[in-house]
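We number each residue from 1, following the sequence as shown.
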Amino acid sequence: MVSVSEVWKTWNEGFANKDSSRLAELLTDDFRFVSATRNLSRQEALDWTAEGGYETVMDNLEVLYENDEVAVVCHSANSTLGDGRVMGLYTKKDGKISQTRIVRQAL
């Protein structure tokens with residue numbers, strides 16, 4: 001079973017290295033990334049990561065809750081869009097992440 005800390009670290013490294021190959025291993029085929037401004041498929045999320053994700057740097061991960069089905073986290077997300085704080089819900093299926101829903105608050 002994948003941990004949200006592992007996914008988060010892998011995603012952050014993917015942004016930095018503009019490489020989503022490792023992240024692809026942690027997401028289900030029907031994965032969705034959902035926010036107030038987007039609803040990305042697995043491939044769209046992987047492409048966004050490989051492009052550097054608006055030069056996003058995530059930091060200060062706090063796992064609020066995690067079990068075999070869901071995880072809830074908070075972290076900073078600073079990018080060309082500005083500084084922000086994110087709350088995320090990660091849904092798990094078959095040992096991988098099947099959905100990430102985030103709310104980002106600009107700081």
Side-chain angles (χ1 to χ4, degrees):
M1 178 65 60
V2 67
S3 75
V4 73
S5 300
E6 177 185 5
V7 172
W8 186 85
K9 179 182 176 194
T10 302
W11 213 321
N12 207 25
E13 290 171 352
F15 283 143
N17 300 325
K18 296 187 177 181
D19 178 7
S20 61
S21 59
R22 176 72 179 109
L23 180 62
E25 299 171 14
L26 306 177
L27 307 178
T28 61
D29 290 341
D30 62 346
F31 172 82
R32 301 300 300 181
F33 178 92
V34 181
S35 74
T37 59
R38 62 181 62 201
N39 186 340
L40 303 178
S41 69
R42 177 182 189 271
Q43 190 57 55
E44 290 168 330
L46 293 173
D47 291 347
W48 174 56
T49 302
E51 293 166 2
Y54 306 117
E55 299 177 21
T56 302
V57 176
M58 300 185 299
D59 203 6
N60 302 314
L61 176 66
E62 181 181 359
V63 178
L64 301 174
Y65 179 81
E66 183 170 17
N67 65 21
D68 291 343
E69 297 174 354
V70 299
V72 179
V73 304
C74 285
H75 62 81
S76 62
N78 304 318
S79 70
T80 55
L81 300 175
D83 293 345
R85 188 83 180 142
V86 170
M87 176 167 260
L89 170 67
Y90 290 71
T91 305
K92 301 178 183 185
K93 180 172 76 174
D94 301 326
K96 297 182 177 185
I97 300 299
S98 62
Q99 185 177 85
T100 301
R101 296 183 71 89
I102 67 157
V103 177
R104 184 178 187 276
Q105 176 64 47
L107 298 177

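Met1 pairs with exactly one of Lys92, Lys96, Glu66 by the side chain to side chain contact (heavy atoms under 4.5 Å, CB included) rule, that one being Lys92. Each of Asn12, Val73, Val86, Val4 was scored for a side chain to side chain contact (heavy atoms under 4.5 Å, CB included) with Leu61, with one residue passing: Val73.
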> Can you list the steps and then say if Asp29 with Arg42 is a side chain to side chain contact (heavy atoms under 4.5 Å, CB included)?
Replying inline: CA-CA 7 Å; Asp29 290 341; Arg42 177 182 189 271; 4.2 Å; yes

Quiz item: So Leu26 and Ile97, side chain to side chain contact (heavy atoms under 4.5 Å, CB included) or not? Walk me through it.
Solution: CA-CA 6 Å; Leu26 306 177; Ile97 300 299; 5.5 Å; no

Decide side chain to side chain contact (heavy atoms under 4.5 Å, CB included) for Tyr65 and Val70; before the verdict, give the C-alpha distance in whole Å, the side-chain angles of both, and the deciding distance to 0.1 Å. CA-CA 8 Å; Tyr65 179 81; Val70 299; 4.0 Å; yes

Between Arg104 and Thr37, does a side chain to side chain contact (heavy atoms under 4.5 Å, CB included) hold up when you go through it step by step?
-> CA-CA 10 Å; Arg104 184 178 187 276; Thr37 59; over 6 Å; no

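How far NZ of Lys93 is from CG of Asp68: 15.5 Å, rounded to the nearest 0.5 Å. To the nearest 0.5 Å, atoms CG (Leu64) and CD (Glu62) are separated by 5.0 Å. Taking OG from Ser3 and NZ from Lys9, the interatomic distance works out to 10.0 Å, rounded to the nearest 0.5 Å. Here the straight-line distance linking atom CG of Asp30 with atom CG of Asp94 works out to 8.5 Å at 0.5 Å rounding. The CE atom of Met58 lies 11.0 Å from the CG atom of Asn78; values are rounded to the nearest 0.5 Å. Between atom OG1 of residue Thr10 and atom CG of residue Asp19 there is a gap of 10.5 Å, rounded to the nearest 0.5 Å.
Under the 30°/60° scheme for interplanar angles, the aromatic rings of Trp48 and Trp11 are found to stand perpendicular.
In terms of modelled atom types and a separation under 3.5 Å, the side chain of Ser76 and the main chain of Asp59 share a donor-acceptor contact. The closest donor-acceptor contact from the side chain of Arg38 to the backbone of Phe33 lies at 3.5 Å or more, if one exists at all. The backbone N or O of Ile102 sits nowhere less than 3.5 Å from a side-chain atom of Ser35 that would complete a donor-acceptor pair.
The number of heavy-atom neighbours closer than 6.0 Å to CD of Glu25, taken from other residues, nucleotides and ligands shown, is above 12. Counting heavy-atom neighbours within 6.0 Å of Glu69 CD, excluding the residue itself, gives a total of 12 or less. Heavy-atom neighbours of Glu55 CD from other residues, nucleotides or ligands within 6.0 Å: at or below the threshold of 12.
Follow the hydrophobic side-chain contacts under 4.5 Å out from Leu40 and you never reach Leu89; the two are in separate clusters.
Met87 and Val72 get closest at one heavy-atom pair: CE-CG1, 4.4 Å. Nearest heavy-atom pair across Ser5 and Val63 is OG-CG2, 3.8 Å. Annotation for Glu6 and Arg22: closest pair OE2-NH2, 2.7 Å, computed over non-hydrogen atoms. Heavy atoms only, all atoms of each residue included: Trp8 and Asn60 are closest at CH2-N, 4.3 Å. Between Cys74 and Arg85 the shortest heavy-atom distance is CB-NH2, 3.5 Å.
Residues forming a ring pair (Phe, Tyr, Trp, His ring centres under 6.0 Å) with Tyr90 (at least two apart in sequence, or on another chain): none.
By the 4.5 Å heavy-atom criterion applied to side chains, Leu46 and Leu27 are counted as neighbours.
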